[in-house]
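In what follows, residues are counted from 1 in the order of the sequence shown.
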Amino acid sequence: MNHLKIAAPMAAALLMTVTMTNSSHAQNTPLVRFGIITDMHHTNKPDTATRKYSASLDKGHIFIKTMEADKAKFIVELGDFVDTLAEQKDPQQNLQELEKQFTSFSGPAYHVLGNHEFDNVTRELFLSSITNQGIDKGQTYYSWDAGGVHFIVLDAGYTNTAPHRAFDMNTPEDTFWTWKDAFIPEQETEWLKNDLKASNLPTIVFTHQTMDRVDEQDHNIKNASQIRKIFEDDGQVLAVFSGHDHQGGYSNIKGIHYIVLHGNVGVSDTRSWLETSSSDGYDKKADNQFSLIEVSNGNPSQYTVTIHGYGRQPSYELHCSL
């Protein structure tokens, strides 16, 4: 029987435990630990009441230092790495600054494409400017193994209507997508099926747009129900991590955990930082959202995914059986 426990507050976050089986769990054995940050939105444009763009590099520095200290195996950013630039700024400057910092991590660093990546640069330029360790340049959906766990990055940056064009820099002559567009096309869907079939390992998936709401919801991938069915049929997916909706969230759908992580630039687009932060969102620790994730198992079929949240990011302890 599923149940949810909320323990006493730990630091700034709550520890949530979701148990998906009646079986008692043996002593868990750590398999892998990694870091996630999302929606950094690095840009030169002015800060707003809900988004503190100017703090992105300082907060990113803390993220890298913390993941080094926590001995993370690798790090992932879940998209909206950069944002629209102020006028008369070099459109590559922010990307180069943040990429240099992000890839200074001593282990592998991976990117998930968001929607703001293409605000001021072409798809070709953006993809040529980032590096995913061990992954071919320009590949936007891909996978790798670490610590006996399979990891998959998906790219939902396609228009909802056929022919499902990949996101690129919009121009006045061709404004063909908006932030509400999100779709995983047939070619990627077939790749996903084959990739899951080729692995017998417990699996973690990363997306930018959310997957746990009804398909039509603004932040959601518009064929998410189809993709969730692929996960359910495979039977090895433990959890799906997403960003995009800065206020975060959690769902358990047919035994798979869907975690929406809080945005680093801000945790709400309707509630100002001044309402919840004595530092108006600029505090490098208290207002700096990211996570250390640990995957462990007590026996070959029972796993725990633990999210240690920093800043305003809640912490979770998620249990499941395969």
Novice: Could you tell me how the ring of His219 sits relative to the ring of His244: parallel (under 30°), tilted (30 to 60°) or perpendicular (over 60°)?
Specialist: perpendicular
Novice: Does a sphere of radius 6.0 Å around CD in Glu275 hold more than 12 heavy atoms from other residues, nucleotides or ligands, not counting ones at 6.0 Å or beyond?
Specialist: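 Counting neighbours around CD of Glu275, more than 12 heavy atoms of other residues, nucleotides or ligands fall under 6.0 Å, so yes.
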Novice: For His41 and His116: C-alpha separation, side-chain torsions, deciding distance, then whether ring pair (Phe, Tyr, Trp, His ring centres under 6.0 Å) applies.
Specialist: CA-CA 8 Å; His41 289 262; His116 279 284; 4.9 Å; yes
Novice: Is the backbone N or O of Ser54 less than 3.5 Å from a side-chain atom of Asp47, with the two atoms forming a donor-acceptor pair by type?
Specialist: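 Pair found, side chain donor or acceptor close to backbone of Ser54.
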Novice: Is there a ring pair (Phe, Tyr, Trp, His ring centres under 6.0 Å) between Phe126 and Phe118? Walk through the geometry before answering.
Specialist: CA-CA 7 Å; Phe126 184 87; Phe118 309 106; 5.8 Å; yes
Novice: Within a strict 4.5 Å, meaning less than it, do heavy atoms of the Leu78 and Leu261 side chains meet?
Specialist: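 Yes, at least one pair of side-chain atoms sits under 4.5 Å.
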Novice: If you count the non-hydrogen atoms of other residues, nucleotides and ligands that lie under 6.0 Å from CD in Gln139, is the total more than 12?
Specialist: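 Enclosed: over 12 neighbouring heavy atoms sit under 6.0 Å from CD of Gln139.
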Novice: Using a 4.5 Å cut-off on heavy atoms from C-beta on, say whether the side chain of Ile307 contacts that of Ser315.
Specialist: no
Novice: Taking all atoms of both residues into account, what is the closest heavy-atom pair of Phe167 and Thr159, and its distance?
Specialist: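 Looking at all heavy atoms of both residues, the closest pair is CE1-N, 3.9 Å.
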Novice: Is there a donor-acceptor pair under 3.5 Å between the side chain of Trp177 and the backbone N or O of Asp168?
Specialist: yes
Novice: Answer with yes or no after comparing the ring centroid distance for Tyr110 and Phe151 against a 6.0 Å cut-off, counting only values under it.
Specialist: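 Aromatic pair excluded; centres sit 6.0 Å or further apart.
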Novice: Is the shortest side-chain N to carboxylate O distance from Lys193 to Glu190 below 4.0 Å?
Specialist: yes
Novice: Evaluate the side-chain contact (heavy atoms from CB on, under 4.5 Å) criterion for residues Ile36 and Ile75: first the C-alpha distance (whole Å), next the side-chain angles of each, then the deciding distance (0.1 Å), finally the verdict.
Specialist: CA-CA 6 Å; Ile36 304 183; Ile75 58 174; over 6 Å; no
Novice: If two hydrophobic side chains count as joined below 4.5 Å and joins carry through other members, does Phe102 share a cluster with Tyr142?
Specialist: no
Novice: Evaluate the ring planes of Phe206 and Phe74, with Trp represented by its six-membered ring, and classify them as parallel (under 30°), tilted (30 to 60°) or perpendicular (over 60°).
Specialist: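 Phe206 vs Phe74 ring planes: perpendicular.
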Novice: Begin with the C-alpha distance, continue with both residues' side-chain angles, and end with the deciding distance and a verdict on side chain to side chain donor-acceptor pair (under 3.5 Å) for Ser301 and Asn299.
Specialist: CA-CA 6 Å; Ser301 64; Asn299 65 46; 3.1 Å; yes
Novice: Using the rule side chain to side chain donor-acceptor pair (under 3.5 Å), only one of Gln217, Gln209, Arg213 pairs with Asp245; which is it?
Specialist: Arg213
Novice: For the residue pair Lys222 and Trp179, would you count it as a cation-pi contact if the rule is NZ or CZ under 6.0 angstrom from the ring centre and within 45 degrees of the ring axis?
Specialist: no
Novice: Which residues pass the salt bridge (Lys or Arg N to Asp or Glu O under 4.0 Å) test with Asp269, sequence neighbours left out?
Specialist: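 Only Arg51 meet the salt bridge (Lys or Arg N to Asp or Glu O under 4.0 Å) criterion with Asp269.
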Novice: Just by modelled atom types, is the Val267 backbone N or O under 3.5 Å from a matching donor or acceptor in the Arg312 side chain?
Specialist: no
Novice: I'd like to know whether Asp280 forms a salt bridge (charged side-chain N to carboxylate O under 4.0 Å, His left out) with Lys52, so could you lay out the CA-CA distance, the side-chain angles of the two residues, the decisive distance to 0.1 Å, and finally the verdict.
Specialist: CA-CA 9 Å; Asp280 192 20; Lys52 304 307 178 185; 3.4 Å; yes
Novice: Have His150 and Asp195 got a donor and an acceptor in their side chains that come within less than 3.5 Å?
Specialist: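 Checked: His150/Asp195 side chains pair up, N/O donor to acceptor below 3.5 Å.
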Novice: My understanding is that only one of His111, His208, His42 makes a ring pair (Phe, Tyr, Trp, His ring centres under 6.0 Å) with Phe81; could you say which?
Specialist: His111
Novice: Can any side-chain N or O of Glu99 pair as donor or acceptor with the backbone N or O of Gln96 at less than 3.5 Å?
Specialist: no
Novice: Is it the case that the side chain of Asn120 and the backbone of Leu85 share a donor-acceptor pair, with hydrogens and angles ignored and the cut-off at 3.5 Å?
Specialist: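 A pair under 3.5 Å: yes.
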Novice: Side chains of Glu97 and Leu57, heavy atoms from C-beta outward: is any pair under 4.5 Å?
Specialist: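 Yes, close enough: below the 4.5 Å cut-off.
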Novice: Kindly write out the residues that satisfy side chain to side chain donor-acceptor pair (under 3.5 Å) with Asp283, not counting sequence neighbours, or none if the list is empty.
Specialist: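 If we apply the side chain to side chain donor-acceptor pair (under 3.5 Å) test to Asp283, skipping adjacent residues, there are no hits.
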Novice: Under 3.5 Å, is there a donor-acceptor pair between the side chain of Asn297 and the main chain of Thr304?
Specialist: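 Side chain of Asn297 to backbone of Thr304, a donor-acceptor pair under 3.5 Å: no, none is there.
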Novice: So which atom in Ser143 and which in Ile152 form the shortest heavy-atom distance, rounded to 0.1 Å?
Specialist: CB-CG1, 4.0 Å
Novice: Please give me the minimum heavy-atom distance between Asn160 and Ala182, naming the atom from each residue.
Specialist: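 Looking at all heavy atoms of both residues, the shortest contact is OD1-N, 2.9 Å.
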Novice: Would you indicate whether Gln93, at its atom CD, is surrounded by more than 12 heavy atoms from other residues, nucleotides or ligands within a distance under 6.0 Å?
Specialist: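 Enclosed: over 12 neighbouring heavy atoms sit under 6.0 Å from CD of Gln93.
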Novice: Is it the case that more than 12 heavy atoms not belonging to Lys45 sit under 6.0 Å from its NZ atom?
Specialist: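 Correct, the count exceeds 12.
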Novice: Between Thr103 and Thr131, what is the shortest heavy-atom contact and its length?
Specialist: CG2-O, 4.4 Å
Novice: Does Asp155 offer a backbone N or O that forms a donor-acceptor pair with the side chain of Glu188 under 3.5 Å?
Specialist: yes
Novice: Do Thr43 and Val82 touch side chain to side chain, with heavy atoms closer than 4.5 Å?
Specialist: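 Counting from C-beta outward, Thr43 and Val82 never come under 4.5 Å.
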Novice: Please examine the side chains of Thr140 and Leu154, heavy atoms only from C-beta on, and report whether any two atoms are closer than 4.5 Å.
Specialist: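 Leu154 vs Thr140: side chains apart.
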Novice: Applying salt bridge (charged side-chain N to carboxylate O under 4.0 Å, His left out) to Lys229 and Glu232, what does each step give before you reach the verdict?
Specialist: CA-CA 5 Å; Lys229 180 65 163 53; Glu232 293 156 11; over 6 Å; no
Novice: Determine whether Asp218 and Lys180 satisfy the following criterion, salt bridge (charged side-chain N to carboxylate O under 4.0 Å, His left out), listing intermediate values before the conclusion.
Specialist: CA-CA 5 Å; Asp218 286 350; Lys180 296 179 183 180; 3.7 Å; yes
Novice: Under the 3.5 angstrom rule, does the side chain of Gln313 hit a backbone N or O of His262 as a donor-acceptor pair?
Specialist: yes
Novice: In the structure I gave you, are the side-chain heavy atoms of Phe231 and Lys254 within less than 4.5 Å of one another anywhere?
Specialist: no
Novice: Whether the side chain of Ser277 engages the backbone of Ser279 through a donor-acceptor N/O pair (distance < 3.5 Å, no angle test) should be reported.
Specialist: yes
Novice: Step by step, would you call His319 with Tyr303 a side-chain contact (heavy atoms from CB on, under 4.5 Å)?
Specialist: CA-CA 6 Å; His319 300 293; Tyr303 293 85; over 6 Å; no
Novice: Going by an N to O cut-off under 4.0 Å, is there a salt bridge joining Asp234 and Arg228?
Specialist: no
Novice: Can you give me the closest heavy-atom contact between Tyr158 and Pro185, atom names plus distance?
Specialist: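 That closest heavy-atom pairing would be CD1-CD, 3.5 Å.
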Novice: Answer whether the closest heavy-atom distance between the side chains of Pro314 and Tyr316 falls below 4.5 Å.
Specialist: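 The answer is yes; the side chains approach within 4.5 Å.
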Novice: Any non-hydrogen side-chain atom of Asn220 less than 4.5 Å from a side-chain atom of Asp215?
Specialist: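 When only atoms from C-beta onward are counted, Asp215 and Asn220 do touch, with a gap below 4.5 Å.
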Novice: Distance-only, no hydrogens or angles: does the Asp233 side chain make a donor-acceptor pair with backbone N or O of Ile230 under 3.5 Å?
Specialist: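 The answer is no, because no donor-acceptor pair under 3.5 Å joins these two groups.
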Novice: Is it the case that the side chains of Tyr53 and Asn44 hold a donor-acceptor pair, with the cut-off being a distance below 3.5 Å and no angle test?
Specialist: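 Absent: no donor and acceptor within the cut-off.
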Novice: Got more than 12 heavy atoms from elsewhere within 6.0 Å of NZ, Lys100?
Specialist: no
Novice: Just do the salt bridge (charged side-chain N to carboxylate O under 4.0 Å, His left out) check on Lys89 and Asp119 with the steps written out, would you?
Specialist: CA-CA 13 Å; Lys89 295 288 184 179; Asp119 280 346; over 6 Å; no
Novice: Please find the pair of heavy atoms, one from Ser268 and one from Thr50, that lie closest to each other, and give the distance.
Specialist: O-CB, 3.1 Å
Novice: Check whether the ring centres of Tyr258 and Tyr250 lie less than 6.0 Å apart, and answer yes or no.
Specialist: no
Novice: What about Tyr141 and Leu196, same hydrophobic cluster or not, with Ile/Leu/Val/Met/Phe/Trp/Tyr joined at side-chain heavy-atom distances under 4.5 Å?
Specialist: yes
Novice: Please determine if Asp70 and Arg33 form a salt bridge, counting it only when a charged side-chain N lies under 4.0 Å from a carboxylate O.
Specialist: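 The answer is no: the pair does not qualify as a salt bridge.
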